[in-house]
*Asks:* 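After the structure tokens below, expect a handful of questions from me.
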2 protein chains.
Amino acid sequence: MEMNDAVRRLTGLAQDTRLRIFRLLVRAGPGGAAAGRIASQLGVPPATLSFHLRELADCELIRVERRGRSLIYSADYGSMQELMDYLRHDCCGGISKSGRAGRARQELT
Amino acid sequence: MEMNDAVRRLTGLAQDTRLRIFRLLVRAGPGGAAAGRIASQLGVPPATLSFHLRELADCELIRVERRGRSLIYSADYGSMQELMDYLRHDCCGGISKSGRAGRARQELT
DNA sequence: TCCATATTTCTAATATTATCGAAATAATAT
DNA sequence: ATATTATTTCGATAATATTAGAAATATGGA
């Protein structure tokens with residue numbers, strides 16, 4: 001994963017409403033949740049919600065699929081895993097807690 | 001960790017220059033790096049760098065300490081770990097890949 | 001004290017993001 | 001066809017973030 005994509009996904013999560021949307025969708029599981037359900041659950045006006053759903057979809061943290069007249073959103077779990085892996089290995093790995101050279105480098109768990 | 005703090009730290013990392021600063025500091029290890037060294041390493045003008053260092057310090061992703069006339073910045077590893085833990089457990093935990101109820105819920109690793 | 005070095009704060013311009021009402025689009029049902 | 005429901009796009013505004021030059025502050029040395 002490239003740093004640029006990491007920044008984009010971090011930006012996706014770095015906003016109150018969007019983090020709440022993502023949390024909700026993770027909890028909703030693979031079946032996802034319709035936009036309207038998210039809106040009522042979080043108390044966010046439709047247009048505002050739509051804006052944030054698009055942000056999350058653009059950085060691929062969530063997916064969308066139409067079912068009837070509803071649009072069902074779901075968390076893209078693999079994409080989140082990629083981000084976590086990036087942060088663990090490519091961004092934040094390699095720190096030494098002790099500072100002693102030649103020691104095993106600490107990884108985020 | 002509260003969601004609000006998670007958003008603040010995510011915001012800290014959700015910017016190209018700041019993620020590069022944080023990476024550099026993680027790589028620098030516990031000894032950290034002086035502001036001037038970071039500036040020359042990343043090619044960022046002093047005032048701009050100072051702005052981003054403050055952002056990172058405000059959300060506690062980095063620490064600062066004076067040594068002589070230099071200000072030494074270092075990554076706050078524990079703070080990053082807290083963020084990762086939050087994302088794993090409080091935000092993104094509880095997803096079920098299979099979608100079957102009553103199964104062990106998948107955790108980000 | 002006076003100078004050089006290191007870095008921050010001030011300030012103002014610019015750019016990006018967030019909000020949300022109203023109108024438009026899409027799907028289904030009558 | 002028309003209405004109903006679900007959601008998006010448009011458009012305008014407000015809020016926040018980013019950039020960086022110039023001036024200010026802090027430290028250590030001659």
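Labels below follow one simple rule: chain letters A, B, ... track the order of the sequence lines, proteins then strands, and each chain is numbered from 1. All figures in this text were calculated on a predicted structure; none of them were measured in a lab.
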*Asks:* How do A:Gly68 and A:Val44 order along DNA chain C: which one's closest nucleotide is nearer the 5' end?
*Replies:* A:Val44
*Asks:* Return the nearest nucleotide to the side chain of A:Arg66; candidates are D:dT27, C:dT8, C:dA27.
*Replies:* C:dA27
*Asks:* Would you indicate which nucleotide in D:dG21, D:dT5, D:dT18 comes nearest to any side-chain atom of B:Ala47?
*Replies:* D:dG21
*Asks:* Tell me, yes or no, whether the heavy-atom count around A:Arg67 atom CZ, taken from other residues, nucleotides or ligands under 6.0 Å, exceeds 12.
*Replies:* no
*Asks:* Look at the side chain of A:Thr11 and the backbone N and O of A:Val7, then say whether any donor-acceptor pair between them is shorter than 3.5 Å.
*Replies:* yes
*Asks:* When you get a sec, tell me which of D:dT19, C:dT7, C:dT9 is the closest nucleotide to the side chain of B:Ser50?
*Replies:* C:dT9
*Asks:* Distance check: side-chain N/O of A:Thr48 vs OP1/OP2 of C:dC20, anything under 4.0 Å?
*Replies:* yes
*Asks:* Measuring from the side chain of B:Pro46 (C-beta onward, heavy atoms only), which nucleotide among C:dT8, D:dA20, C:dA18 has the closest atom?
*Replies:* C:dT8
*Asks:* Quick one: which of C:dT17, D:dT9, D:dA20 gets closest to the side chain of A:Arg54?
*Replies:* D:dT9
*Asks:* Select one nucleotide: of C:dA18, C:dA6, C:dT8, the one nearest the side-chain heavy atoms of A:His52.
*Replies:* C:dA18
*Asks:* Determine: side-chain N/O of B:Tyr73 to OP1/OP2 of C:dA6, distance under 4.0 Å, yes or no.
*Replies:* no
*Asks:* Let's see if you can work this out: which of C:dT7, C:dC20, C:dA18 has an atom nearest to the side-chain heavy atoms of B:Ala35?
*Replies:* C:dT7
*Asks:* Please state whether the phosphate of C:dA18, meaning OP1 or OP2, lies under 4.0 angstrom from any side-chain nitrogen or oxygen of A:Arg18.
*Replies:* yes
*Asks:* Using whole Å, report how far CD of B:Glu65 lies from P of D:dA26.
*Replies:* 18 Å
*Asks:* With respect to A:Leu56, which candidate in A:Leu61, A:Thr17, A:Val64, A:Asp76 satisfies the side-chain contact (heavy atoms from CB on, under 4.5 Å) definition?
*Replies:* A:Leu61
*Asks:* Main chain of B:Cys59, side chain of B:Arg9: is a donor-acceptor contact present, judged purely on distance under 3.5 Å?
*Replies:* yes
*Asks:* Between the base of D:dT4 and the side chain of A:Arg69, is one N or O donor paired with an acceptor at under 3.5 angstrom?
*Replies:* yes
